[in-house]
Amino acid sequence: MTVPTREEIVDQLAEILHEVAGVLPADVTEEKSLVEELDVDSLAMAEVIVVAEERFGIALPEEEMKDMRRVLDIVLRVEKQLAS
């Protein structure tokens, strides 16, 4: 399996956020705040993490979820997991 580029990870997360929380994919950028700007609640966030883990074939530590405030925070953790 080839490691996805950062852009591909963002695109995948945009798709996941759309499926789970109804966020428009065009609204998803690395800088966006998940709660304040994209209106993702904690329940939807947990589902986003589960779907991302399945889609990327990785495990994202649950205790780190509270630190994931921006789309970029998830992207960096996905990249880190894919690299290990």
Side-chain angles (χ1 to χ4, degrees):
M1 180 180 135
T2 59
V3 177
T5 64
R6 178 169 287 188
E7 187 177 322
E8 290 168 334
I9 293 170
V10 172
D11 289 346
Q12 287 289 318
L13 286 172
E15 196 176 293
I16 293 167
L17 285 161
H18 179 69
E19 291 169 13
V20 172
V23 175
L24 293 174
D27 290 343
V28 178
T29 63
E30 290 182 17
E31 300 79 31
K32 289 281 177 92
S33 163
L34 293 157
V35 176
E36 286 85 14
E37 295 177 279
L38 299 179
D39 204 27
V40 178
D41 64 24
S42 58
L43 187 61
M45 186 63 193
E47 195 173 337
V48 166
I49 296 303
V50 169
V51 175
E53 288 176 326
E54 291 170 359
R55 186 138 329 155
F56 294 109
I58 58 172
L60 295 168
E62 219 173 288
E63 62 273 6
E64 290 183 12
M65 220 171 82
K66 66 184 181 310
D67 297 327
M68 296 185 204
R69 292 184 169 81
R70 297 173 303 149
V71 172
L72 180 62
D73 296 331
I74 300 176
V75 171
L76 292 173
R77 282 173 176 79
V78 168
E79 286 180 332
K80 182 179 172 186
Q81 289 293 323
L82 289 171
S84 60

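Heavy atoms only: backbone and side chains are in, while hydrogens, waters and symmetry mates are out.
Thr5 is linked by a side chain to side chain contact (heavy atoms under 4.5 Å, CB included) to Glu7, Glu8, counting only residues two or more places apart in sequence or in another chain. By the salt bridge (charged side-chain N to carboxylate O under 4.0 Å, His left out) test, Glu37 is found to be paired with no residue, residues two or more places apart in sequence or in another chain being considered. Contacts of Asp73 classified as salt bridge (charged side-chain N to carboxylate O under 4.0 Å, His left out), with partners at least two apart in sequence or in another chain: Arg70. Listed by chain and number, the residues in a side chain to side chain donor-acceptor pair (under 3.5 Å) with Asp27 amount to none (sequence neighbours excluded).
Atoms CG and OG, on Leu72 and Ser33 in that order, are 12.0 Å from each other to the nearest 0.5 Å.
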Pairs of donor and acceptor atoms involving the side chains of residues 9-18, under 3.5 Å and at least two apart or interchain, shall be tabulated with distances.
residue, atom, partner, partner atom, Å
Gln12, OE1, Arg55, NH1, 3.2
Glu15, OE2, Arg55, NH1, 3.0
His18, ND1, Val23, O, 3.0

Could you go through residues 41-51 and list every donor-acceptor pair under 3.5 Å that involves a side-chain atom there, pairing it with any protein atom two or more places apart or in another chain?
residue, atom, partner, partner atom, Å
Asp41, OD1, Leu43, N, 3.2
Asp41, OD1, Ala44, N, 2.7

Can you give each donor-acceptor pair under 3.5 Å made by side-chain atoms of residues 56-69, sequence neighbours left out, with the distance rounded to 0.1 Å?
residue, atom, partner, partner atom, Å
Glu64, OE1, Arg77, NE, 2.8
Lys66, NZ, Glu63, O, 2.9

